[in-house]
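Report on the following structure.
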Amino acid sequence: MGNIIVIIFGAIFINNFVLSRFLGLCPYFGVSKKVETSIGMGMAVTFVMTMASLVTWLLEWFVLVPNNLQYLRTIVFILVIAALVQFVEIVMRKVAPALYEALGIFLPLITTNCAVLGVAILNIQIGYNLFEALVFAVAAAAGFTLALVILAGIRERLELAFISRHFRGVALSLIIAGILSIAFMGFQGMM
Amino acid sequence: MSVMKDLSRGIIRDNAVFRLVLGLCPTLAVTGTAENGLGMGLSATAVLVCSNLVVAALRNVIPNKIRIPCFIVIIATFVTMVDMLLNAFLPALHAQLGIFVPLIVVNCVILGRAEAFASRNPVLNSAADGIGIGLGFTLALTTLGAVRELLSKGTIFHANILGSGYQPFQVFGFPPGAFIALGLMLALFNMLSRKFRLE
């Protein structure tokens, strides 16, 4: 049980996927203009990451390893993720069209969100069992959502501030992320 | 003539990192030192050139509706090859880059070039475009790596630059320093490109 708690805290705070592992940065800077959109994005990523972890873990241990095909891992995993994202897109267009409109281009781009492929590969490299892998995926996605919502909140306030024109846009967001990352480094002392 | 144009455009004018702000994950993650930045940049360039070549050669064969999965399979094939080659010939670099070698497959620069350029241009131009964009990406990663290495260790490519009395700016070796260094460099690039009217 203690092991599970370590995985959860580790993935959310200590090795936050965005701020310390540098995974999923494109959507992080792309959809962090509004808190509402960022929560929707976080939910979509959570769902895709959990499903992807489940499917890729099963594929790795029941198909690739018994047949000595581990070298196909990258190709197989990315195809599974692409199919999953397509599926989520279709479901979301039917169930939540407003959210679908808001996420726009970033929904298909979850395919190229390295956080999703990253969590699938890390699950295998660290050697988690299925339950640990699923916990890790949910916690990592929660960490991603947390970092995304914090940045979106800060950027909403910055709308009204005067910013030097060279820093407008991604440049300032990067520096804010750097400061957030320093704050998250403080959690390293917890373990 | 246009081949030269395709080649040179990606290096500064359409620089993937500084101008288009793509491919941020490897840019920030592996640029603790100039050497790692260079290694990552060249690996990505190799994949980019090969995938651009194949995508351009097959552009009239690949059905439009499933083109993205096709591109991804092509890219993933070359990434697997680069992964194995690095593991065999440069194991130290492979260990340093870690998970970011297989993650080249989801580098938006590569898929972006396949979709925006290679799928509608001839083979030679696409290869030139791949080389140009790849060199621009390598340049950006190496520069960022050099700046971070200089500030955090006082060295560039392991050569001591600032002397032994230098008090290292440790934070630039850690994740926060990556964000801050790239943020400042982007602002500098914005300023310079306004000054020299690149847009």
Side-chain angles (χ1 to χ4, degrees), chain A residues 15-30 71-79 81-83 85-86 108-122 125 163-185 188, chain B residues 18 20-31 66 68-69 71-84 87 98-112 171-172 174-195:
Chain A
N15 284 317
N16 184 287
F17 253 48
V18 179
L19 298 173
S20 139
R21 282 192 201 265
F22 301 115
L23 293 168
L25 290 176
C26 295
Y28 187 63
F29 293 113
Y71 61 89
L72 286 180
R73 190 187 290 154
T74 316
I75 302 179
V76 170
F77 281 16
I78 191 70
L79 279 179
I81 291 167
V85 171
Q86 201 85 55
L109 279 186
I110 296 182
T111 311
T112 51
N113 180 343
C114 34
V116 180
L117 185 61
V119 81
I121 296 177
L122 279 174
Q125 280 187 353
I163 302 162
S164 152
R165 65 183 177 150
H166 306 309
F167 276 93
R168 257 169 230 168
V170 185
L172 188 66
S173 304
L174 274 162
I175 293 173
I176 296 169
I179 296 168
L180 283 178
S181 175
I182 293 180
F184 272 71
M185 269 180 87
Q188 280 181 355
Chain B
F18 292 137
L20 311 176
V21 203
L22 291 173
L24 284 182
C25 302
T27 305
L28 291 171
V30 301
T31 50
I66 54 158
I68 301 285
F71 296 162
I72 289 180
V73 174
I74 294 169
I75 296 169
T77 311
F78 288 115
V79 170
T80 308
M81 282 157 60
V82 167
D83 192 6
M84 288 170 157
N87 201 1
I99 188 177
F100 286 93
V101 180
L103 285 185
I104 296 176
V105 85
V106 283
N107 188 326
C108 14
V109 178
I110 297 176
L111 189 63
V171 73
F172 283 100
F174 293 123
F179 285 111
I180 294 171
L182 184 62
L184 293 175
M185 282 174 74
L186 267 184
L188 181 71
F189 207 85
N190 283 345
M191 198 183 84
L192 290 177
S193 61
R194 282 220 175 78
K195 201 163 179 182

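Here is the naming used below: chain letters follow the sequence lines, and residue numbers restart at 1 for every chain. Just so we're clear, the structure is a prediction, and the values are computed from it rather than from any experiment.
Of the two parts of B:Met185, neither the backbone nor the side chain holds a non-hydrogen atom closer than 4.5 Å to a non-hydrogen atom of chain A. A:Arg21 touches chain B through its backbone: at least one of N, CA, C or O sits under 4.5 Å from a heavy atom, while the side chain does not. Heavy-atom distances place no part of B:Thr27 under 4.5 Å from chain A, backbone and side chain included. With a 4.5 angstrom heavy-atom cutoff, A:Leu180 does not touch chain B via any of its atoms. With a threshold of 4.5 angstrom between heavy atoms, A:Ile75 approaches chain B through its backbone and through its side chain.
Taking the six-membered ring for Trp and thresholds of 30 and 60 degrees, B:Phe179 and A:Phe22 have ring planes inclined between 30 and 60 degrees apart.
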Output side-chain donor-acceptor pairs under 3.5 Å for residues 166-176 of chain A, partner residues at least two apart or in another chain, one line each.
| from | atom 1 | to | atom 2 | distance (Å) |
| --- | --- | --- | --- | --- |
| A:His166 | ND1 | B:Arg194 | NH1 | 3.3 |
| A:Arg168 | NE | A:Ile163 | O | 3.3 |
| A:Arg168 | NH2 | A:Ile163 | O | 3.0 |
| A:Ser173 | OG | A:Arg155 | NH1 | 3.4 |
| A:Ser173 | OG | A:Gly169 | O | 3.2 |

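Ranked by heavy-atom pairs shorter than 4.5 Å toward chain A, the options B:Gly177, B:Ala76, B:Ala181 are led by B:Ala76. Among the candidates B:Leu28, B:Val21, B:Leu186, B:Ile180, the residue making the largest number of heavy-atom pairs closer than 4.5 Å to chain A is B:Leu28. Listed options A:Val18, A:Leu79, A:Leu19 were ranked by heavy-atom pairs under 4.5 angstrom with chain B; first place goes to A:Leu19.
Closest heavy-atom contact between A:Thr74 and B:Pro102: CG2-O, 3.8 Å. B:Pro176 and A:Gly178 make their closest contact through CB-O, 3.5 Å (heavy atoms, listed as atom of the first residue, atom of the second, distance). Across B:Gly23 and A:Cys26, no two heavy atoms sit closer than the pair N-SG, 4.4 Å.
Inter-residue side-chain proximity for B:Leu103 and A:Leu23 is flagged as met; some heavy-atom pair is nearer than 4.5 Å.
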**OP:** Evaluate the criterion side chain to side chain contact (heavy atoms under 4.5 Å, CB included) for residue pair B:Leu24 and A:Phe29; output intermediate values, then yes/no.
**Re:** CA-CA 10 Å; B:Leu24 284 182; A:Phe29 293 113; 3.6 Å; yes
**OP:** For A:Val116 and B:Val106, run side chain to side chain contact (heavy atoms under 4.5 Å, CB included): C-alpha distance rounded to whole Å, both residues' side-chain angles, the deciding distance at 0.1 Å, then the answer.
**Re:** CA-CA 10 Å; A:Val116 180; B:Val106 283; over 6 Å; no
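Going from atom SG of A:Cys114 over to atom CZ of B:Phe100 covers 6.5 Å, rounded to the nearest 0.5 Å.
For B:Leu22, the side-chain contact (heavy atoms from CB on, under 4.5 Å) partners are B:Leu20, B:Cys108, B:Val109, not counting sequence neighbours.
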